[in-house]
Protein chains: 2
Amino acid sequence: MNALVREPRSQSIEDYLKVTYQIQEQSQWVTTSALAERLGHAPSSITNMVQKLQKLGYLDYTPYYGFRLTDKGKRLALGMLRHHRLLELFLVKVLGYTWDRVHEEAERLEHVVSGEFVERIDRLLGHPRLDPHGDPIPTEEGRLQETTHPRLLECFAGESVMVRRVSDASGEFLRYAAELGLVPDARIEVVECAPFEGPIRIRVQGKDHYIGRDAARRIFVERKNAKSSKPKRPLP
Amino acid sequence: MNALVREPRSQSIEDYLKVTYQIQEQSQWVTTSALAERLGHAPSSITNMVQKLQKLGYLDYTPYYGFRLTDKGKRLALGMLRHHRLLELFLVKVLGYTWDRVHEEAERLEHVVSGEFVERIDRLLGHPRLDPHGDPIPTEEGRLQETTHPRLLECFAGESVMVRRVSDASGEFLRYAAELGLVPDARIEVVECAPFEGPIRIRVQGKDHYIGRDAARRIFVERKNAKSSKPKRPLP
DNA sequence: ACAAAAACTTAGTCGTTCCTAACTATAGGT
DNA sequence: ACCTATAGTTAGGAACGACTAAGTTTTTGT
């Protein structure tokens with residue numbers, strides 16, 4: 001009938017929705033300050049934009065309480081995540097970036113590449129399911145393979161686990177993790193956990209390392225006893 | 001001293017300078033209306049931005065007369081052309097785009113890709129000198145191999161020439177040209193030129209085609225030295 | 001040479017998205 | 001319960017980059 005009213009959809013809007021989705025994955029309701037911190041904006045800017053996004057039907061908003069994406073908002077957010085993660089993998093596999101450098105580049109590219117571009121790199125990469133950090137890539141239809149791996153921090157001494165995902169929030173951490181061999185598919189043994197919130201000793205490829213709790217919180221693993229083979233994964 | 005004052009350099013500024021450069025290649029002085037038409041903006045918008053760009057040192061401007069890039073402006077414009085043309089070639093060679101679809105995608109990408117991205121695709125492509133339409137790619141240092149090939153329109157009946165460049169101003173024309181085999185490096189013979197501004201008959205890969213004068217104006221060729229020095233009927 | 005047409009500039013406005021400052025609602029501690 | 005600390009919202013404004021309308025300069029035609 002109409003479609004004459006074009007939906008505004010700026011880079012800002014895309015960022016707000018994408019980050020809202022990511023916050024929402026952990027806590028059902030998203031707060032103004034959480035989004036403000038993640039986007040690096042003043043809280044009042046968030047309130048303004050959230051009110052606008054509600055009018056556009058991208059999210060439900062209860063003043064002073066919080067907001068969450070509608071289906072429409074989720075669809076757009078998953079599209080952005082698909083762009084972002086495929087771009088990251090593309091940068092690593094095709095252009096030879098190291099995994100700690102891809103985030104910012106993808107962050108800028110994701111807003112301007114066309115659907116055609118994304119589908120072409122998807123094909124070129126063989127329809128991958130995970131990005132270089134182990135984050136799942138939403139399908140073109142907006143389906144996301146949820147992953148709920150425990151954190152390395154939650155493991156006990158003696159366990160043998162496999163790295164499945166590494167938080168990509170900090171390039172510096174990714175560089176550190178790669179140095180230690182803590183990349184997706186790496187096999188590690190938890191040798192001991194110091195008491196009183198102490199460091200964790202792990203063994204990777206025969207070498208022992210002590211890593212802090214913050215680091216162990218950023219690494220997600222799969223416990224080895226179950227499961228067999230998964231498709232091969234790219235190394236950064 | 002300074003470098004504390006960051007140079008503003010928006011997407012708009014980049015577009016203004018890039019297009020100014022392209023117009024400037026043909027006519028020393030660039031006019032408000034020429035730029036307005038190419039950018040699709042109102043003339044007053046051009047005046048405003050040009051005044052700003054002068055203050056920033058990107059161009060010299062004489063009110064009511066015209067403007068031209070400074071060295072600083074040229075450097076930036078050549079950087080944008082380098083981005084644009086490498087991206088176009090990349091889209092064709094690596095992602096399999098057809099040459100009539102690359103312009104818009106490159107137009108958006110050129111503003112967000114990092115220098116690292118561009119240098120990586122440059123290496124991947126083997127430091128190419130020409131984009132898919134035959135336009136020269138500026139070097140990283142901002143040097144541009146000038147090309148001054150004559151237009152097919154300026155050729156005479158009987159000449160045997162090689163296509164060197166095809167205007168990329170219209171995707172539709174590129175599609176038409178590709179259908180006829182009129183792509184860079186194609187060898188063509190000018191069979192006859194109808195009088196009274198009539199069409200031109202050419203032979204490409206053994207097949208004859210009649211093409212209009214507008215088309216012949218968009219194709220740039222190199223004369224094969226086999227022939228003639230005797231101008232017959234110059235096509236004006 | 002001079003009036004009309006064309007080209008260009010100025011002035012003022014609008015939408016977008018950010019900000020700061022000031023105000024309001026909710027939550028926690030005693 | 002109450003009162004303050006924290007979180008959230010409203011109001012107002014700035015930078016950008018586009019626009020329209022109106023005024024100015026240059027060019028053109030007779």
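Each chain gets a letter, A, B and so on, in the order the sequences are listed, and its residues count up from 1.
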(request) In plain terms, say whether A:E107 and A:K18 are close enough for a salt bridge, that is, a side-chain N and a carboxylate O under 4.0 Å apart. (result) yes
(message) Has A:R85 got a side-chain atom pairing as donor or acceptor with A:P136's backbone, closer than 3.5 angstrom?
(response) yes
(request) Could you check how far CD of B:Q51 sits from P of D:dG17, rounded to whole Å? (result) 14 Å
(request) Give the first and the last nucleotide of DNA chain C, reading 5' to 3', that has any atom under 4.0 Å from a heavy atom of chain B. (result) C:dC8 to C:dT10
Table please: side-chain donor-acceptor pairs of residues 30-46 of chain A below 3.5 Å, with sequence neighbours left out.
residue	atom	partner	partner atom	Å
A:T31	OG1	A:A34	N	3.2
A:R38	NH2	A:Q22	OE1	3.1
A:H41	ND1	A:Y16	OH	3.4

(message) So if I take residues 23-32 of chain A and measure heavy-atom distances to DNA chain D, which residues fall below 4.0 Å?
(response) A:T31, A:T32
(request) Indicate yes or no: does B:R108 engage B:E104 in a salt bridge with an N to O separation below 4.0 Å. (result) no
(message) Short of 4.0 Å, heavy atom to strand atom, which residues of residues 10-22 of chain B count as contacting DNA chain D?
(response) B:S10, B:S12, B:Y16
List every contact pair, protein side and nucleotides 20-28 of chain D side both N or O, where the distance is under 3.5 Å.
residue	atom	partner	partner atom	Å
D:dT20	O4	B:S44	OG	2.7

(message) Could you check whether B:E110 pairs with B:R82 (Lys NZ or Arg NE/NH1/NH2 to Asp/Glu carboxylate O, under 4.0 Å)?
(response) no
(request) Run the salt-bridge test on A:E116 and A:R120 with the 4.0 Å N-O cut-off and return the result as yes or no. (result) yes
Report, one line per pair, each donor and acceptor closer than 3.5 Å where one atom sits in a side chain of residues 88-96 of chain B; sequence neighbours left out.
residue	atom	partner	partner atom	Å
B:E88	OE1	B:H133	ND1	3.2
B:E88	OE2	B:H84	NE2	2.8
B:E88	OE2	B:H103	ND1	3.4

(request) Using a 4.0 Å heavy-atom cut-off across all strands, classify A:T47 as base, sugar-phosphate, or nothing. (result) base
(request) Starting from the C-alpha separation in whole Å, work towards a yes-or-no answer on ring-ring contact (aromatic ring centres under 6.0 Å, His included) for A:W29 and A:F67. (result) CA-CA 6 Å; A:W29 285 89; A:F67 45 93; 8.3 Å; no
